[in-house]
Amino acid sequence: MVVIDDDEAIRISCRRILSREGYAVEIFERAAEGLARVREATPPLLLVDLKMPEMDGFAVLEEVRRTDPGVVVVVITGYATIATAVLAMKAGAYDFLPKPFTPDELRLVVERGLERRRLIDTSERLRREKELAQRRFITFVSHQLKSPLVAVKQYLDVLLYTAEDTLPPRARGWIGRSEERLAEALQLIHDWLALARVEQGGFASPGACTVLSAEIPRVLEQQAAAAAAAQVRLVSEVPPDLPAVRGDVLAVVTLLENLLGNAVKYNRPGGSVRLRATRAGEGVEIRVEDTGIGIPADRLPHVFDEFVRVRTPETTGIPGSGLGLTICRAIVQDLQGTIRADSREGAGTTFTVWLPAGAP
Amino acid sequence: MSETKRILLIDDDTDFRASVRALLEREGYQVLEEPAGDSGLLTARAARPHLILLDIMMRERTEGFFVLQEIRRTPGLADVPVIVSSSLYSEHPFFRVREDAGWMPADLFLPKPLRPQQLLEEVARLLARAPQETAP
């Protein structure tokens, strides 16, 4: 452990008492040197004096919390006032030791601090193990769920391709329906997995950014076939000098795919989808506006919830997992942006997303 | 008359192999099957197929990637066109194979289930491009 105190007597006695207990103790008079050592060695415990001439204990505390949050910090305070101790604890210290202290008091505080550190380590390890197990479970289950569906769909695909002409019409029809139902199930598994991944977050890691002026045309291109089949016109307004936004490209693309996909799906023949991206504050606003069937006012507050699908005569027969907008919301939240839905039933829906700018 | 082209399917799913085999045989290809990476490599070395259709997630989650690297390291197999077929994209929604990254030296990546028309077109295209004779 590391002890930082400008008072030599305290430093020496800390080292003597704690060494006798078998702890490796490094002592520093200057805060800067002690901090450098903490950064280098990340000891389980740091004892730091609150009142020192060059850099006070609060500054040290703040710095350690920022750079090595796993280090348990105990403050040594000359003013044995509750107020100072409370301030230090609020700033992230685990415990405090008022001067003057007895060897027993020191030992007790150190033992408690180290116990705290062991608990942190254990819970961190358990959290990681749990996360890994969860991820493995999701991958395993999805593989087990998907493999049979893929094998069945492959049979039907080959059957239709090789024997379509010889099949009676009803058989052809039923195979066609089976293909559609399988596609729905595969889509559901896909969306469920996407949601599981999205809920883990981490899409805004340093340096992750997306150049919308490059990605939006690709997403539009990808939606072109579905739009043409639905007789929906896709229009976009994206200025070429749009700033890049924060976030992993695949996450931002997933967001755009979902919003555009919905706008096409819940539209009408002859309708349109307009995507507009504009600079807004320290970020970019993306509006996806459709002239589709709209969302009833009483359903609008729930559209981002899991497995919520708007059931009206007009949405009957439109396939969907009810997870697309939940995925969108999770991505936007992870990127610290905002998402909003406005709609008029029978006239259309507009989704407005704002994402903070990211360094390209 | 040119020799019948041999295609090796390496995939752990019996049903997937059966349907794809039927499709390829109908087009006049000779089809060999292996259910795992190691036996697939042995057969590839012995039979010298003209094209390999390779799954990724078999017993190990990334088995196919290792098989692919091994194929590329094997003299006489290094130039054989390999189509990697997997439902990897949809099982890992935020995973994409960067085709320009060079770390996965497949000639083509096709998602499962395979679209029959597309598979046959790509197989024909890759076989036409491949060196004409690879004697066993």
Side-chain angles (χ1 to χ4, degrees), chain A residues 135-136 138-164 179 182-183 185-203 208 247-255 257-258 321 323-324 327 330-331 334, chain B residues 7 9 11-29 31 33 35-36 53 55-64 83-101 110-124:
Chain A
R135 210 173 301 168
R136 285 212 185 110
I138 289 169
T139 313
F140 175 77
V141 168
S142 68
H143 190 67
Q144 299 297 96
L145 283 174
K146 287 197 72 163
S147 297
L149 298 180
V150 166
V152 171
K153 189 159 188 317
Q154 194 69 76
Y155 271 130
L156 296 180
D157 284 346
V158 171
L159 190 59
L160 272 189
Y161 184 80
T162 56
E164 189 164 15
E179 295 253 31
L182 282 170
L186 287 166
Q187 184 66 43
L188 176 61
I189 297 169
H190 176 270
D191 285 355
W192 177 66
L193 269 169
L195 183 61
R197 169 65 193 91
V198 161
E199 281 176 342
Q200 288 166 3
F203 294 119
D248 178 83
V249 176
L250 292 177
V252 175
V253 164
T254 300
L255 168 70
E257 280 172 359
N258 272 297
S321 64
L323 292 174
I327 291 170
I331 291 173
D334 189 55
Chain B
I7 298 176
L9 301 181
D11 197 300
D12 62 344
D13 192 312
T14 317
D15 290 305
F16 182 82
R17 293 198 309 271
S19 55
V20 174
R21 172 180 208 137
L23 179 68
L24 293 171
E25 283 180 344
R26 188 170 170 270
E27 294 294 306
Y29 298 114
V31 178
E33 293 179 31
L53 188 66
D55 186 24
I56 293 298
M57 294 168 94
M58 292 184 272
R59 278 169 312 189
E60 302 293 330
R61 288 202 299 158
T62 53
E63 195 167 325
I83 299 176
V84 165
S85 75
S86 174
S87 45
L88 202 59
Y89 282 173
S90 43
E91 294 193 20
H92 297 263
F94 291 89
F95 176 85
R96 294 283 190 282
V97 173
R98 287 272 312 274
E99 278 159 27
D100 55 344
L110 290 180
K112 273 188 189 179
L114 299 164
R115 294 210 298 266
Q117 175 97 37
Q118 186 188 19
L119 175 67
L120 294 177
E121 282 169 11
E122 295 294 356
V123 165

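All heavy atoms count here, side chains included; hydrogens, waters and symmetry mates do not. A, B, ... follow the sequence lines: proteins, then strands. Residue 1 opens every chain.
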For this session: Select one option (side chain, backbone, both, neither) describing which atoms of B:D15 are under 4.5 Å from chain A's heavy atoms.
Result: both
Exercise. Is it the backbone or the side chain of B:L119 that comes under 4.5 Å from a heavy atom of chain A, or both, or neither?
Worked result: neither
Problem set entry | When B:A22, B:P113, B:A18 are compared by non-hydrogen pairs under 4.5 Å with chain A, the top option | B:P113
For this session: Over all heavy atoms of both residues, which pair between B:D13 and A:A151 is shortest? Give the atoms and the distance, please.
Result: OD2-CB, 3.8 Å
Seminar exercise, completed: Comparing A:V152, A:T162, A:L160 against chain B, the one with the most heavy-atom pairs below 4.5 Å turns out to be A:T162
For this session: Take B:V20 and A:Q154 through the side chain to side chain contact (heavy atoms under 4.5 Å, CB included) test and state the conclusion after the steps.
Result: CA-CA 8 Å; B:V20 174; A:Q154 194 69 76; 4.1 Å; yes
Seminar exercise, completed: Scored by heavy-atom pairs under 4.5 Å with chain B, the best of A:L159, A:L186, A:V249, A:D157 is A:D157
